[in-house]
Amino acid sequence: TTPALMHGDYQTLIVDDGHKAFAFKQSLAHDHAIVVFNNSTSRQIISVPLQKEYASLRWTNIIDASKFSVRNRQLSVELNGKSAIILHAK
């Protein structure tokens, strides 16, 4: 786990009841985590808006180390239905 998830400041990024999507960020100093949930039964792309200081970071899936890029301050992840992803950046 990351220090940000254990002790970081919490900020909600998305609450989308229509698409059944939710995302939040936790930060502690220079350690950051974003958790994105797809609670629908369908696969979908979820775009998470980021503040400028977080848009320039390199985000990595903590499970498989895959990388995610940010375009126009949007972090987009494609998730299967009823799944989630945890992304980490330092």
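Because the structure is a prediction, the values reported are computed rather than measured.
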message = Nearest 0.5 angstrom please: S69 OG to Q74 CD, how far?
response = 12.0 Å
message = I86 and side chain to side chain contact (heavy atoms under 4.5 Å, CB included): which single residue from N61, T2, L5 fits?
response = L5
key: Expected output: side-chain Q11 to main-chain K25 donor-acceptor under 3.5 Å   = no
task = Starting from the C-alpha separation in whole Å, work towards a yes-or-no answer on side chain to side chain contact (heavy atoms under 4.5 Å, CB included) for D9 and L28.
result = CA-CA 6 Å; D9 294 329; L28 182 66; over 6 Å; no
query = Do H88 and D31 have side-chain atoms, one donor and one acceptor, less than 3.5 Å apart?
reply = yes
request  = Could you tell me the separation between the OG1 atom of T60 and the CG atom of L87, rounded to the nearest 0.5 Å?
outcome  = 8.0 Å
ask   = To the nearest 0.5 Å, what is the distance between CZ (R58) and NZ (K90)?
value = 14.5 Å
note = Output for pair (I45 CD1, S76 OG), nearest 0.5 Å, gives 7.0 Å
task = Evaluate whether atom CZ of R43 has more than 12 neighbouring non-hydrogen atoms of other residues, nucleotides or ligands under 6.0 angstrom away.
result = yes
request  = Please indicate whether D64 has more than 12 foreign heavy atoms, meaning atoms of other residues, nucleotides or ligands, lying under 6.0 Å from its CG.
outcome  = yes
note = The reported gap from CG in N39 to CZ in F22 (rounded to nearest 0.5 angstrom) is 11.0 Å
message = Using the rule side chain to side chain contact (heavy atoms under 4.5 Å, CB included), only one of I85, V77, L50, L57 pairs with I34; which is it?
response = L50
Ring pair (Phe, Tyr, Trp, His ring centres under 6.0 Å) against Y54, all qualifying residues, sequence neighbours excluded = H32
key: Over 12 foreign heavy atoms within 6.0 Å of NZ, K82   = yes
message = Restricting to non-hydrogen atoms, name the atom on N38 and the atom on N80 that form the minimum distance, rounded to 0.1 Å.
response = ND2-O, 3.1 Å
query = Linking I/L/V/M/F/W/Y whenever their side-chain heavy atoms sit closer than 4.5 Å, directly or via other members, would L75 and V35 fall into one cluster?
reply = no
ask   = Taking side chain as C-beta onward, heavy atoms only, is W59 less than 4.5 Å from V70?
value = yes
query = Should Y10 and T12 count as side-chain neighbours, where that means a heavy-atom distance under 4.5 Å?
reply = yes
ask   = Can any side-chain N or O of D16 pair as donor or acceptor with the backbone N or O of H19 at less than 3.5 Å?
value = yes
Pairwise side-chain contact, P49 with I14, heavy-atom cut-off 4.5 Å (strictly under) = yes
request  = Measure the CG-OG distance between L79 and S42 for me, rounded to the nearest 0.5 Å.
outcome  = 12.5 Å
